[in-house]
**Q** 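After the structure tokens below, expect a handful of questions from me.
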Protein chains: 2
Amino acid sequence: MFAIGEASRQSGVGIETIRYYEREGIVPKPERASNNRRMYSTHDIGRLCFLKKCRDLGFPLADAKTLLGLSEGDSEDCQSVKDLAEHHVLNVREKIRKLRRLEAALTELTANCDSGNVSCPMLSQLRAV
Amino acid sequence: MFAIGEASRQSGVGIETIRYYEREGIVPKPERASNNRRMYSTHDIGRLCFLKKCRDLGFPLADAKTLLGLSEGDSEDCQSVKDLAEHHVLNVREKIRKLRRLEAALTELTANCDSGNVSCPMLSQLRAV
DNA sequence: ATAACTCCTGTAGCAGACTACAGGATCAAG
DNA sequence: CTTGATCCTGTAGTCTGCTACAGGAGTTAT
């Protein structure tokens, strides 16, 4: 069993954040030592690692919580997990698509700037209703 | 010229948000009618559309403001305009790179997910050290 | 034993970007 | 003329996801 500082180091989740996750019910309340300090099992730390990875992947905390719940359900509901992930990946793809359009617009702007042209047709497009 | 509600409908930016943008100096103060109501030109509405698109692309509001400035060529120094625009292009490309890595990671995670699985490979992966 | 560290609870603050009133005034339609 | 929609200013609250104290207590190293 590990103290919160060690759990933090092992999982990469900050101490304050761990306590915040506990307050928010994202992770269950850990055991307490006789001196009232939180004690984390390797399983508890595994949960924190799981959450860290989900967050790093850009999942909102609520989704991370759901995924964690799914990962610990009696029957791992693979379809729900997949749905959540695929919904997330669709969002990511949409963002990429839009960013590429903006990249083109910005590239066009710099090109026009080179040639001394002030008005940019693609930015006009961005302004359009 | 259009009232704020119409500007909101045309641009997709909420009324309160438009006023917020004005307070924050993101957009210039619009003309006022004799009854003190804000009146927006199509150009003003174009600005709101531009901001909306930037925000939809995930740009922070401050960046959106800068981009809006660029799109209107409000700098007297063409070189610094170009530098700013190119800097933004680099930011956009970096964002795209990160999102594509994320997309790849998510796709790989879901690749082996099928509703028949007893244990979910994606969850196993997320649990792994 | 003293200092330095870690932990506790509880509360508050922050950043970004809105969003929601309250309490009026004004406008458009019937 | 009344009703209801829209607008005004100003202030305050919301949401996400932390992050930072304050003030106290137990732990560890020298």
Side-chain angles (χ1 to χ4, degrees), chain A residues 1-41 44-45 47-68 84 87-88 91-92 95 98, chain B residues 1-41 44-45 47-68 91 95 102:
Chain A
M1 302 290 274
F2 307 92
I4 196 170
E6 187 55 28
S8 172
R9 271 185 293 279
Q10 283 188 36
S11 65
V13 180
I15 290 175
E16 303 278 11
T17 306
I18 293 173
R19 290 198 276 244
Y20 165 75
Y21 285 173
E22 182 185 330
R23 277 200 303 282
E24 295 298 305
I26 309 294
V27 294
K29 290 177 190 293
E31 282 182 50
R32 294 293 180 123
S34 53
N35 57 13
N36 196 37
R37 296 190 169 190
R38 292 169 178 83
M39 295 304 286
Y40 295 88
S41 67
D44 291 329
I45 292 175
R47 263 193 214 102
L48 294 171
C49 291
F50 184 97
L51 290 172
K52 180 81 168 62
K53 283 179 189 178
C54 288
R55 297 288 298 121
D56 286 348
L57 285 169
F59 283 100
L61 195 51
D63 283 8
K65 181 187 180 183
T66 303
L67 285 170
L68 182 61
L84 210 60
H87 182 249
H88 185 51
N91 283 342
V92 169
K95 255 182 197 167
K98 287 178 173 176
Chain B
M1 301 290 275
F2 308 92
I4 195 168
E6 187 54 28
S8 170
R9 271 185 292 278
Q10 283 189 36
S11 64
V13 180
I15 290 175
E16 304 277 10
T17 305
I18 294 174
R19 290 199 277 245
Y20 164 74
Y21 285 173
E22 183 186 330
R23 277 200 303 281
E24 296 296 305
I26 308 296
V27 295
K29 289 176 191 295
E31 280 183 50
R32 295 291 181 124
S34 54
N35 56 14
N36 196 38
R37 295 191 171 191
R38 293 169 178 83
M39 295 304 286
Y40 295 88
S41 68
D44 291 330
I45 292 174
R47 263 192 214 103
L48 294 171
C49 291
F50 185 94
L51 289 172
K52 178 83 167 63
K53 285 176 189 184
C54 288
R55 297 287 302 120
D56 286 349
L57 287 167
F59 280 98
L61 195 51
D63 284 7
K65 181 187 179 182
T66 304
L67 286 168
L68 181 60
N91 281 347
K95 247 180 202 172
L102 180 56

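Numbers restart at 1 for each chain; the letters A, B, ... are given by sequence-line order, proteins then strands.
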**Q** Could you pull out the closest heavy-atom pair between B:Ser11 and B:Cys49, with the gap in Å?
**A**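 That would be CA-SG, 3.8 Å.
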**Q** How long is the line joining CE of B:Met1 and P of D:dC7, in whole Å?
**A** 14 Å
**Q** Does B:Arg55 make a side-chain N or O approach to OP1 or OP2 of C:dG16 shorter than 4.0 Å?
**A** no
**Q** Starting at CD of B:Glu6 and ending at C1' of D:dC7, how long is that distance when rounded to a whole Å?
**A** 14 Å
**Q** Should B:Asp44 and B:Arg47 count as an ion pair when the cut-off is N to O under 4.0 Å?
**A**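 The answer is yes: the pair qualifies as a salt bridge.
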**Q** Of B:Ala3 and A:Asn35, whose nearest nucleotide on DNA chain D comes first from the 5' end?
**A** B:Ala3
**Q** In this structure, how many angstroms lie between the P atom of C:dC27 and the CE atom of B:Met39, rounded?
**A**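 The distance from CE of B:Met39 to P of C:dC27 comes to 11 Å, rounded to the nearest Å.
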**Q** Does a side-chain heavy-atom distance below 4.5 Å link A:Arg32 with A:Arg38?
**A**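 A:Arg32 reaches A:Arg38 side chain to side chain.
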**Q** Rounded to the nearest angstrom, tell me the gap between atom CG in B:Asp63 and atom P in C:dA15.
**A** 17 Å
**Q** Can you tell me if B:Glu6 has over 12 outside heavy atoms packed within less than 6.0 Å of its CD?
**A**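 Count over threshold, so yes.
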**Q** Using only heavy-atom distances, determine whether the side chains of A:Asp63 and A:Thr66 contain a donor-acceptor pair under 3.5 Å.
**A** no
**Q** Take B:Thr17 and A:Arg38, find for each the nucleotide of DNA chain C with the closest heavy atom, and name the residue whose nucleotide sits nearer the 5' end.
**A**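 Its nucleotide being nearer the 5' end, the pick is A:Arg38.
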**Q** For DNA chain C, determine which residues of residues 19-33 of chain B have any heavy atom closer than 4.0 angstrom to one of its atoms, and list them numerically.
**A**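 Nucleic-acid contacts, sorted: B:Tyr20, B:Tyr21, B:Arg23.
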**Q** What is the separation between atom CG on A:Asn36 and atom P on D:dG26, rounded to the nearest whole Å?
**A**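 From A:Asn36 CG to D:dG26 P: 10 Å.
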**Q** Tell me whether A:Lys65 is salt-bridged to A:Glu24, with the criterion being a basic N under 4.0 Å from an acidic carboxylate O.
**A** no
**Q** Expressed as a whole number of angstroms, how long is the span from A:Lys52:NZ to D:dG17:P?
**A** 14 Å
**Q** What's the closest nucleotide to the A:Leu61 side chain, out of D:dA20, C:dC7, D:dC18?
**A**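 The answer is D:dC18.
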**Q** Among C:dA17, D:dC8, C:dC7, which nucleotide has an atom closest to any side-chain atom of A:Arg37?
**A** C:dC7
**Q** For residues B:Ile26 and B:Leu68, report the shortest heavy-atom separation together with the two atoms involved.
**A**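 B:Ile26 and B:Leu68 have their closest heavy atoms at O-CD2, 3.8 Å.
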**Q** Using whole Å, report how far CD1 of A:Ile18 lies from C1' of D:dC18.
**A** 13 Å
**Q** How many whole angstroms separate atom CD1 of A:Ile15 from atom C1' of C:dT9?
**A**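 Spelled out: CD1 on A:Ile15 to C1' on C:dT9 is 15 Å.
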